[in-house]
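In this text, all values refer to a predicted model and were calculated from it rather than measured experimentally. A note on names: the letters A, B, ... follow the listed sequences, proteins ahead of strands, and every chain is numbered from 1.
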Amino acid sequence: MTSESLDAFVNNLETYGKIYGPVKTGESCSFQEISQSKEMALNYSRTMIPPKKFFLKLKERMFIFDERECEYEETLEDGKIVVFGIHPCDIYALKLMDKIYLDKNPDKYYQMRRENATLIGYSCHPDEYCFCQSQGTNYAVDGFDLFLHELKDKFLVRIGSEKGNKIASENSKFFMDVESSDIQEFREAEGKREKEFTLKLAINGLTDMLALSYESDVWKEYADKCFGCGSCNLVCPTCRCYDVVDNVNMDLKSGERQRMLNSCMLKKHGLVYGGKNFRPTRVERLRNRFNCKGSLREDMMNCVGCGRCTVYCPSKIDYVEVLRRVRGEL
Amino acid sequence: MMENVFLPKLAKIVKNEKMTAMEHFLRLQLLDKKTAEEFQYNLGQFIEISIMGVGEAPFSICSMQNQKYLLDLCIRSGGRVTSAILRLGEGSLVGVRGPYGNGFPLKEMEGSNLLLVAGGLGVAPLRSILQYSLKNRAKYRDITFFYGIRTYDTMLFRDEFNSLLAGGDESGCKFYLSYEDPKDEQCLLLEAEYSDRCMSGVVSKLFERTEISPKDTYAIICGPSIMYKFVGQELTKRDVPPERILISLERRMRCGIGKCGNCIIGDGSSIRYVCKDGPVFTYWDALHTKGMI
Ligand SMILES: Cc1cc2nc3c(=O)[nH]c(=O)nc-3n(C[C@H](O)[C@H](O)[C@H](O)COP(=O)(O)OP(=O)(O)OC[C@H]3O[C@@H](n4cnc5c(N)ncnc54)[C@H](O)[C@@H]3O)c2cc1C
Ligand code: SF4
Ligand code: SF4
Ligand code: FES
């Protein structure tokens, strides 16, 4: 696809749902509804809130009920969307979410939104906070419908799903066959990008290092700096803990069950009956977050190296630095 | 239409009886007959009970599967949901999701001795195993039950356990009781009557009273988290292999199916969800998963 076709192609995407893309908002960037490709800042580094917001709402209603009759009715939102310009790390994060939310007990709310969404990836260049290369998430092999690699005056487009294939064939006028010179250009661009990564984290054996450093003083040191604000959870594309509350209406008989994103950095996350807390202080909570992120579960690391938690931590706690301390490198 | 796992099934409270100052016995029946029939569970699994307008909380099923599809629960009040449940009269409706979690490996335990160690409310899931093993007595060898209470007033399922004490070995199981308050009069009376089966002290003291055959015993422990360490140590001292010591854990839970993340424990090399990988774990797991006990 040529660079000039981008506008027209994006316009056509309307057929597949409301289009969301990275838009500059003040200092940072955010996925917002757009009508034209011009509105997007496609050379963005990272959005503050990751695309998980399309699938797991900050707050969402699960069902409404009538208390007296114990009757309830599920509430689901529909609506097709196209998320344009998603980066490889965020694609990997959604793959991880899929493993959690679409397992043998699939989450219907998540599943419906996921089925209603088209994901269009877009190539990126790392800044000083990106370490996806170390995490092995810098190149999306699958998990998208289409992926656009920006070359000099064109895009190399990869098709990642049947849905993507359908979009490509319905918009075939924008697409040209791949020439061997395109492949050469793509290869060079990717090779150059691989060399752009400056931040590295050795992840081999990290899981065991974390286990062995469970009693390390490093946790206390960083916990003393941490405000316990939970921003790191909010911006992390793989954090998905949620809490559930019932809200009762003014009539005191009807209401809704709602779930909302939760944070393991908050005290109540480990609280159980009788005031017992399994993670009573910030030390346990911070350590738990790093152990969770640095663990292998569902065959994937729980961190995709997007750098958000470092960038948005008000106390400047640097994710990679903490882990390098744990490894004894610093 | 795709099933929504978060929608509770309705169940009627057929019994809601006070057992102690803190705990009630609750018996539920799923309203829909087909749902009730399909509700097959492993012992040691739990359900999420919903009170619309108040919330949802996990509880162990404390009865074995029965023909009438009744679910027994033992609920300690104190929090929002638990207090609300106890205020509901017989005939009221609640929501039920589940059964969730893994449960105890009853098949694997066949042909072995069973040692059940319960502390306080931990007796709830163990009661279901006791029921089942007594009903299927031939499948298991010796069945020993240790129950630790604070005072007589806090003893749960009092009639059932008193009759086990009175019945002695005839009841099919060797039942031992320990109580923490050495001045508790009713417990002292029990001790006077059944001196070999009842003593004051913490539950791990009961090990003084009986021989454990380490090669062919499965130990199942359920109680406050501090108990796991002590009882685990006693058992290890007696050479019971850690993979044959089973424990059932409690953590904050919101979903019960590995979604909400609240129950995650462990370290980099051993992250686990208590709700879907547990709540039953082995002592070996506990020794290798940081923060489990
Ligand atoms: C697998 C599993 C099995 C379980 N089985 C059983 C069972 O068989 N029987 C049983 O009774 N319980 C059982 N529980 C525990 C039960 O789930 C909790 O008691 C219940 O979640 C409490 O919910 P709630 O809404 O009443 O408390 P909430 O109101 O939600 O309380 C929230 C938190 O606030 C704190 N809190 C509440 N009340 C007080 C208070 N009075 N003082 C100090 N802090 C307080 C507690 O830390 C509590 O966790 C089980 C838990 C698990 C995970
Ligand atoms: S964002 Fe930083 S200060 Fe806030 S909870 Fe996370 S680590 Fe602590
Ligand atoms: S832990 Fe930090 S770097 Fe890793 S995925 Fe989450 S926000 Fe990104
Ligand atoms: S209770 Fe929700 S993940 Fe375990």
Do A:R259 and B:C260 come within less than 4.5 Å of each other through their side chains, counting heavy atoms only?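 Sidechains of B:C260 and A:R259: no contact.
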Pairwise side-chain contact, B:K276 with A:N105, heavy-atom cut-off 4.5 Å (strictly under):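 No, their side chains stay 4.5 Å or more apart.
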Heavy-atom closest contact ([X] atom, [Y] atom, distance):
| X | Y | answer |
| --- | --- | --- |
| B:N4 | A:K108 | CB-CD, 3.6 Å |
| B:M52 | A:F65 | CB-CD1, 3.6 Å |
| A:R257 | B:S50 | NH1-OG, 2.7 Å |

Top of [options] for chain B proximity - count of heavy-atom pairs under 4.5 angstrom:
| options | value |
| --- | --- |
| A:M97, A:Q111, A:M62, A:K104 | A:Q111 |
| A:D107, A:D208, A:L261, A:L56 | A:D107 |
| A:L271, A:L212, A:L210 | A:L271 |
| A:C241, A:S254, A:G255 | A:C241 |

For [X], is it the side chain, the backbone, both, or neither that has a heavy atom closer than 4.5 Å to a heavy atom of chain B?
| X | result |
| --- | --- |
| A:E115 | side chain |
| A:V245 | neither |
| A:E256 | neither |
| A:F290 | neither |
| A:Y101 | both |

Please state whether the side chain, the backbone, both or neither of B:S225 comes within less than 4.5 Å of a heavy atom of chain A.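 The side chain, not the backbone.
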Contacting moiety of B:M292, where chain A heavy atoms sit under 4.5 Å: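 Answer is neither: B:M292 stays 4.5 Å or more from chain A.
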From [X] [atom1] over to [Y] [atom2], what is the distance, rounded to the nearest 0.5 angstrom?
| X | Y | atom1 | atom2 | value |
| --- | --- | --- | --- | --- |
| A:D246 | B:I51 | CG | CD1 | 9.5 Å |
| A:R279 | B:R252 | CZ | CZ | 10.0 Å |
| A:R289 | B:I264 | CZ | CD1 | 12.0 Å |
| B:S269 | A:L206 | OG | CG | 10.5 Å |
| A:S295 | B:R272 | OG | CZ | 11.5 Å |
| B:K259 | A:D103 | NZ | CG | 3.5 Å |

Any donor-acceptor pair under 3.5 Å from B:R254 side chain to A:D243 backbone: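 Flag not set: sc B:R254 to bb A:D243 has no pair under 3.5 Å.
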State whether the side chain of B:N262 and the backbone N or O of A:Y242 hold a donor-acceptor pair below 3.5 Å, judged by distance alone.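 Side chain of B:N262 to backbone of A:Y242, a donor-acceptor pair under 3.5 Å: yes, one is there.
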Which one of [options] has the most heavy-atom pairs closer than 4.5 Å to chain A?
| options | value |
| --- | --- |
| B:V5, B:T289, B:I271 | B:I271 |
| B:S77, B:S270, B:G79 | B:S77 |
| B:C255, B:P8, B:G258 | B:P8 |
| B:M253, B:E250, B:H288, B:R80 | B:E250 |

So with a 6.0 Å cut-off around [atom1] of [X], is the heavy-atom count from everything else above 12?
| X | atom1 | value |
| --- | --- | --- |
| A:R114 | CZ | yes |
| A:E162 | CD | no |
| A:K200 | NZ | yes |
| A:E73 | CD | no |
| B:L31 | CG | yes |
| A:D251 | CG | yes |
| B:F230 | CZ | no |
| B:K12 | NZ | no |

Do B:R251's NZ or CZ and the ring of A:F278 fall within the cation-pi criteria of under 6.0 Å and 45°?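 Relative to the ring axis of A:F278, which defines the angle, B:R251 lies inside both limits.
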Under a 4.0 Å N-O cut-off, is there an ion pair linking B:D267 with A:R287?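 Answer for the salt bridge query: no.
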